[in-house]
S.K.: 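Structure in structure tokens, see below.
Reminder, nothing fancy here: chain letters follow the sequence lines and each chain counts from 1.
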Amino acid sequence: MEHPLQIYNTLSRKKEQFVPLHSPLAGMYVCGPTVYGDPHLGHARPAITFDILFRYLSHLGYKVRYVRNITDVGHLENDADHGEDKIAKKARLEQLEPMEVVQYYLNRYQKAMEALNVLPPSIEPHASGHIIEQIQMIKEILDNGFAYESEGSVYFNVEKYNKNHSYGKLSGRNIEDMLNTTRVLDGQEEKHNAIDFALWKKASPEHIMHWPSPWSEGFPGWHLECSAMSKKYLGETFDIHGGGMDLIFPHHECEIAQSVAAGGHEAVRYWMHNNMITINGQKMGKSLGNFITLEELFGGTHSLLQQAYSPMTIRFFILQAQYRSTLDFSNEALQASEKGLERILEAFDNIAKIPVSAQSSVNIKELRKKCYDAMNDDLNTPIAISHLFEAVRQINAALAGQITLSSEDIKELQSVFNVFLTDIFGIKNEVKDGNAAYDSFAKAIDMLLEMRMQAKINKDWATSDKIRNELTALGFEIKDTKDGFEWRLNK
RNA sequence: GGUUCCUUGGCCGAGUGGCUAGGCACCGGUCUGCAAAACCGUCUACGGCGGUUCGAAUCCGCCAGGAACCUCCA
């Protein structure tokens with residue numbers, strides 16, 4: 001498995017050669033959603049980014065175990081250790097069982113992910129299903145002296161941990177700054193220090209989700225679930241941990257502290273973080289209320305949207321930016337992606353129609369390597385896509401007879417598009433793929449258009465226009481070409 | 001206020017010292033009963049000022065503007 005894949009490690013702040021701990025196995029853990037609301041465009045970014053990584057590592061030959069958690073308990077509102085549990089609040093407001101809320105939004109999340117052609121992870125563990133593992137980890141941290149109990153809750157002692165370890169190494173901040181700048185919030189008196197974070201919280205009487213523990217009837221802190229579940233499924237040390245950049249602090253910083261405090265060493269070898277999707281230059285997110293749900297995007301039902309954007313358009317849009325850059329949402333940008341995607345898919349389809357020549361008049365041998373080089377450079381999908389667009393121009397030129405391609409080169413083009421566009425980028429033709437009846441349906445349309453051709457030959461413009469107009473009204477796009485016709489069903 | 005980062009042509013977005021990414025839009029052309037589409041071509045940018053260098057979008061400094069994190073957030 002020789003490959004020069006470099007990935008950017010947030011911890012070292014540089015690109016590093018990816019060498020898994022137990023090749024050919026590779027383990028990756030990515031922070032999944034807190035399922036208390038509809039998935040929005042922001043959720044699509046990490047899902048697609050790490051889907052690409054999952055697909056690419058698999059393509060390179062690794063046996064990848066991809067764990068993406070579901071947060072269904074412990075994630076509090078307002079401030080990390082004091083607000084109401086997000087799931088519980090939603091359940092209270094809608095008079096549902098918390099698990100009904102979880103199941104409802106989880107179903108919607110998974111449906112949206114499937115539409116985006118995001119492969120399901122190998123394991124999708126729920127925080128609430130791993131209370132025992134989390135309690136065990138708290139015990140280890142307590143035994144090692146890095147946590148303290150206070151009124152039924154257990155807190156991580158950041159100051160003590162920082163004496164021999166570096167709290168803040170991932171996010172690049174130092175504890176003194178944080179002691180000076182961390183706000184003191186009401187109800188935090190039971191913590192020794194404002195920067196300490198909860199491992200276990202005693203449940204208040206109105207809190208409906210709680211479990212027994214040695215300290216109180218309560219629930220685990222948010223940061224703990226990822227440490228406990230990654231350890232359970234990927235081991236004490238594993239390869240990649242991913243998530244959004246906004247999780248670096250405090251979430252991932254706390255994960256590092258927890259792992260070290262419990263097991264004596266860090267768990268993660270490569271930390272990867274995707275950047276945010278912005279709207280008008282600002283982060284799209286719940287707290288700002290400026291998010292657009294995926295359902296609204298697919299249906300074009302949000303007031304900011306000029307039209308509906310298909311899941312593949314969204315996917316392609318996200319892949320046209322490098323994952324560590326912010327990506328600005330706009331109708332213009334989405335429409336550009338939609339057009340570009342159509343063009344690339346059409347060319348992909350047309351590879352099969354290229355006339356076979358004895359020899360190629362151009363050299364396409366470098367294409368595959370260029371795509372690999374781009375992917376190996378920290379998953380530079382926009383560069384890889386730009387190479388595919390260069391190939392699109394060659395495909396079109398070959399179809400127009402301006403260049404010639406040998407059957408070997410045509411096969412090579414087909415193969416490169418299959419590998420990169422279909423397998424690695426996960427781009428599919430939304431009309432055709434998975435539609436078993438498509439062929440029969442397509443032949444019926446072809447038949448109608450053959451009749452229109454005949455009418456045209458007879459200069460029977462009335463009939464020819466009638467067929468075109470009525471098909472157009474049904475959502476078909478009819479194009480006349482030099483010696484025939486083309487059509488496409490607009491979604 | 002602290003920490004970190006960003007500023008590329010009409011829009012999105014690659015690019016880390018010399019070899020003018022790519023997509024979309026615009027404009028021009030080809031094709032065409034009409035129409036639409038498609039295809040081809042064109043458009044040569046790097047916030048401002050100064051510095052380093054034979055040479056800077058790319059390195060350094062200052063200034064301006066913006067963002068993320070420091071509370072939950074992908």
S.K.: Check this one for me: any side-chain N or O of Lys339(A) less than 4.0 Å away from OP1 or OP2 of A25(B)?
M.R.: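 Checking Lys339(A) against A25(B): at least one side-chain N or O falls below 4.0 Å of OP1 or OP2.
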
S.K.: May I ask you to establish whether Lys286(A) and Phe291(A) are in a cation-pi arrangement, using a distance under 6.0 Å from NZ or CZ to the six-membered ring centre and at most 45° from the ring axis?
M.R.: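 So Lys286(A) does make the cation-pi contact.
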
S.K.: If we ignore angles and hydrogens, is there a donor and acceptor under 3.5 Å between the side chains of Glu225(A) and Asn69(A)?
M.R.: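 Their side chains do contain a donor-acceptor pair, which is all the 3.5 Å distance test asks for.
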
S.K.: Restricting to nitrogen or oxygen on both sides, can you table the protein-nucleotides 40-42 of chain B pairs closer than 3.5 Å?
M.R.:
none

S.K.: To the side chain of Phe317(A), which of A21(B), A74(B), C12(B) is closest?
M.R.: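 The nucleotide sitting nearest to the side chain is C12(B).
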
S.K.: Whole angstroms only, please: what is the CG-C1' distance between Asn350(A) and A37(B)?
M.R.: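 It works out to 13 Å between those atoms.
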
S.K.: What nucleotide, of C34(B), G13(B), C73(B), holds the atom closest to the side chain of Leu327(A)?
M.R.: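 Closest nucleotide among those given: G13(B).
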
S.K.: With respect to the side chain of Lys86(A), which nucleotide from C73(B), G33(B), A14(B) is positioned closest?
M.R.: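 Nearest nucleotide to the side chain: C73(B).
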
S.K.: Is the shortest side-chain N/O distance from Ser325(A) to OP1 or OP2 of A14(B) below 4.0 Å?
M.R.: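 The answer is yes; a side-chain N or O of Ser325(A) sits under 4.0 Å from OP1 or OP2.
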
S.K.: In whole Å, measure the gap between the C1' atoms of G48(B) and C39(B) for me.
M.R.: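 The answer is 42 Å between these two C1' atoms.
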
S.K.: Pick base, sugar-phosphate or nothing for Asn274(A), based on heavy-atom distances below 4.0 Å to the nucleic acid.
M.R.: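 Result for Asn274(A) = base.
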
S.K.: Would you find a donor on one side and an acceptor on the other, under 3.5 Å apart, between the side chain of Thr71(A) and the backbone of Thr34(A)?
M.R.: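 No, Thr71(A) side chain to Thr34(A) backbone: no donor-acceptor pair under 3.5 Å.
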
S.K.: Check whether NZ of the Lys or CZ of the Arg Arg324(A) lies under 6.0 Å from the centre of the six-membered ring of Tyr8(A) and within 45 degrees of that ring's axis.
M.R.: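 Checked: cation-pi criterion met.
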
S.K.: Nearest of C11(B), G2(B), G22(B) to any side-chain atom of Glu390(A)?
M.R.: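 Selected nucleotide (nearest to the side chain): G22(B).
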
S.K.: For residues 245-256 of chain A, tabulate all N or O donor-acceptor pairs below 3.5 Å that involve a side-chain atom, not counting sequence neighbours.
M.R.:
residue: Asp246(A); atom: OD2; partner: Lys283(A); partner atom: NZ; Å: 3.1
residue: His251(A); atom: ND1; partner: His223(A); partner atom: ND1; Å: 2.9
residue: His251(A); atom: NE2; partner: Glu255(A); partner atom: OE2; Å: 3.2
residue: His252(A); atom: ND1; partner: His273(A); partner atom: NE2; Å: 2.8
residue: His252(A); atom: NE2; partner: His241(A); partner atom: NE2; Å: 3.4
residue: Glu253(A); atom: OE1; partner: Leu170(A); partner atom: N; Å: 3.3
residue: Glu253(A); atom: OE1; partner: Ser171(A); partner atom: N; Å: 2.7
residue: Glu253(A); atom: OE1; partner: Ser171(A); partner atom: OG; Å: 2.5
residue: Glu253(A); atom: OE2; partner: Gly168(A); partner atom: N; Å: 3.0
residue: Glu253(A); atom: OE2; partner: Lys169(A); partner atom: N; Å: 3.2
residue: Glu253(A); atom: OE2; partner: Leu170(A); partner atom: N; Å: 3.3
residue: Glu255(A); atom: OE1; partner: His241(A); partner atom: ND1; Å: 3.4

S.K.: Using atom C1' of each nucleotide, how far apart are C46(B) and G15(B) to the nearest Å?
M.R.: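 Nearest-Å result for C46(B) against G15(B) at atom C1': 11 Å.
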
S.K.: Yes or no on ring pair (Phe, Tyr, Trp, His ring centres under 6.0 Å) for Tyr372(A) and Phe420(A), after CA distance, side-chain angles and deciding distance?
M.R.: CA-CA 9 Å; Tyr372(A) 276 117; Phe420(A) 283 92; 5.0 Å; yes

S.K.: Considering only nitrogen or oxygen atoms on both sides, find all protein atoms under 3.5 Å from nucleotides 28-30 of chain B and state each distance.
M.R.:
none

S.K.: With a 3.5 Å cut-off and just heavy-atom distances, do the side chain of Arg324(A) and the base of C5(B) make a donor-acceptor pair?
M.R.: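 Flag unset: no donor-acceptor pair detected.
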
S.K.: Any side-chain N or O of Asn380(A) under 4.0 Å from OP1/OP2 of G15(B)?
M.R.: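 So the side-chain polar atoms of Asn380(A) do come within 4.0 Å of the phosphate oxygens OP1 or OP2 of G15(B), strictly under.
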
S.K.: Can you check the distance between A57(B) and G9(B), where both ends of the measurement are the P atom (answer in whole Å)?
M.R.: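 It comes out at 14 Å once rounded to the nearest Å.
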
S.K.: Would you call Trp461(A) stacked on G33(B), i.e. ring centres under 5.5 Å apart with the planes less than 30° off parallel?
M.R.: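 Yes; centroid distance and tilt both under limits.
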
S.K.: Let's test your reading of the model: under 3.5 Å, does the base of G33(B) pair with the side chain of Ser464(A) as donor and acceptor?
M.R.: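 Donor-acceptor pair under 3.5 Å: yes.
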
S.K.: Can you tell me, in whole Å, how much space there is between the P of U8(B) and that of A45(B)?
M.R.: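 Result for the P pair: 15 Å, nearest Å.
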
S.K.: Any side-chain N or O of Lys283(A) below 4.0 angstrom from OP1/OP2 of C69(B)?
M.R.: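 Answer is yes, contact under 4.0 Å.
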
